[in-house]
Structure formats: C-alpha cells, structure tokens
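Handing you this structure, nothing more for now.
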Amino acid sequence: MQHSNKRLARVILEGGRGARYWRQIQEDETTNPFDEPEAFPDSNVSVDDMRRQQQQVIAEQDQGLEALSGILQRQKFMGQAISDEVDTQNEIIDDIDNRMDHTNQRLIKETTHVKRVTAKSSTCGMLIVIILLIIAIIVVACVPSPN
C-alpha cells in the first residue's frame, strides 16, 4: 500500500522594499517502504533487496534534505536583504537626526539674535523719546514767557 504525500509549501524567494515573490513547490509522490507490508517472507529476503530498499530510503531522505537546503538558502538571502534594508534605513534616520540637530542649533542662535534686536529696538525708541523730551524742555525753558 502506497501513501501519496503531496505537500504544497509557499516559500519567499526574494524580498525587500515590499516586493514578495512566491513559489510553489510540490513534492513528487513518494512511498514509505516501512508502510508497505513485507513482500518477502523473512527467509526469502536477500541482502541485496534490503540494501536496495535502504538505498531508496536514503535517496528519498537526500531529496528532502536538498529541498530543505534550498528553502534555508532562500531564507538566508531574504534575511541578508532585510538586514541591508534596515542598515540603509538606519543611515537615513541618522542623517535626518544630524540635520535636525543642526537646524535646532541654528534656530536657537536666530532666536537669540531676534531677542537682541528686539531689546535694542525698544532701547532705541526710548532714547528717541528721551531726546525729544530734552529738546522740548530746552525749548520751553528758552522761550520767554509773554508777560
């Protein structure tokens, strides 16, 4: 009695920047020699038959291991692509952070400059008012009164 084992596995082949590629792998029908009833009585089983059966099992295991190796290889490449993308994004974030620090320093400097200009302009206005008042006092003191 043969059991057919069909399995459908989805494997990500490539990744990065949101792209996903999928591939479907379908295994061939395989038989498990241990599920089959013995075709030969114990006394009639030859060493060659047992050796062939063992080699068939080993060949099936090798096929399974090769498929697993391919899957692991694709996952490795995908992990490396994700790592590269994360490194690139970290560099971009670091650049933005440096520019923000520079912009923040410039903003602090310009704010201080504006405060200084504002203080000077109000002082200048007061000086003009004081000078005008002094001139008005002088004019009032110098002008003779009509009596």
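Heads up: numbering here begins at 1 and tracks the sequence. Bear in mind that the values here come from a model prediction, so they are computed numbers and not experimental data.
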How many angstroms lie between CD in Glu85 and CG in Asn90, if you round to the nearest 0.5 Å?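 Rounded to the nearest 0.5 Å, the CD-CG separation comes out at 10.5 Å.
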
Ile134 with Met126, same ILVMFWY side-chain cluster at under 4.5 Å: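 Unlinked, Ile134 and Met126 end up in two clusters.
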
Validation row: Thr112, Lys109 side chains within 4.5 angstrom (heavy atoms):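 No, their side chains stay 4.5 Å or more apart.
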
Tell me if a side-chain donor or acceptor on Ser83 pairs with a main-chain N or O of Gly79 at a distance below 3.5 Å.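 Answer holds: no.
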
CD-CD distance between Gln56 and Glu60, expressed to the nearest 0.5 angstrom: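 Reported to 0.5 Å precision, the distance equals 5.0 Å.
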
Between Ile130 and Ile138, is there shared hydrophobic-cluster membership here, with clusters defined by ILVMFWY side-chain heavy atoms closer than 4.5 Å?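 Shared cluster, yes.
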
Find the distance between CG (Asn98) and OG1 (Thr103) and round it off to the nearest 0.5 Å.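 These two atoms lie 10.5 Å from each other.
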
With a 4.0 Å cut-off on N to O distance, would you call Arg99 and Asp95 a salt bridge?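 Here Arg99 pairs with Asp95 in a salt bridge, since their nearest N and O are under 4.0 Å apart.
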
Would you say that more than 12 heavy atoms from the other residues, nucleotides or ligands in this model lie under 6.0 Å from the CD of Gln80, or not?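 For Gln80, atom CD is crowded (more than 12 foreign heavy atoms under 6.0 Å).
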
Of all residues at least two apart in sequence or in a different chain, which pass the salt bridge (Lys or Arg N to Asp or Glu O under 4.0 Å) check with Asp97?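 Result, salt bridge (Lys or Arg N to Asp or Glu O under 4.0 Å) vs Asp97: none returned.
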
Verify the cluster assignment for Leu127 and Ile135: are they in a single hydrophobic cluster under the rule of side-chain heavy atoms below 4.5 Å apart?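 No.
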
Between CD of Glu91 and CD1 of Ile96, what distance do you get to the nearest 0.5 Å?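 Answer rounded to 0.5 Å: 12.5 Å.
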
So do Leu107 and Glu110 actually touch side chain to side chain, heavy atoms under 4.5 Å?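 A side-chain contact is absent here, since even the closest heavy-atom pair is not under 4.5 Å.
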
Enter the distance from Leu68:CG to Gln61:CD here, rounded to the nearest 0.5 Å.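 Interatomic distance, Leu68 CG to Gln61 CD, rounded to 0.5 Å: 12.5 Å.
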
Are Val57 and Leu65 connected in the hydrophobic side-chain network, where two residues link if heavy atoms are under 4.5 Å apart?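 No, it is not one cluster - the side chains of Val57 and Leu65 are not joined through contacts under 4.5 Å.
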
Separation of Gln55 CD from Arg52 CZ (nearest 0.5 Å):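 Interatomic distance, Arg52 CZ to Gln55 CD, rounded to 0.5 Å: 9.0 Å.
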
In terms of hydrophobic clusters joined by side-chain contacts under 4.5 Å, are Val129 and Ile137 together?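 Not linked; separate clusters.
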
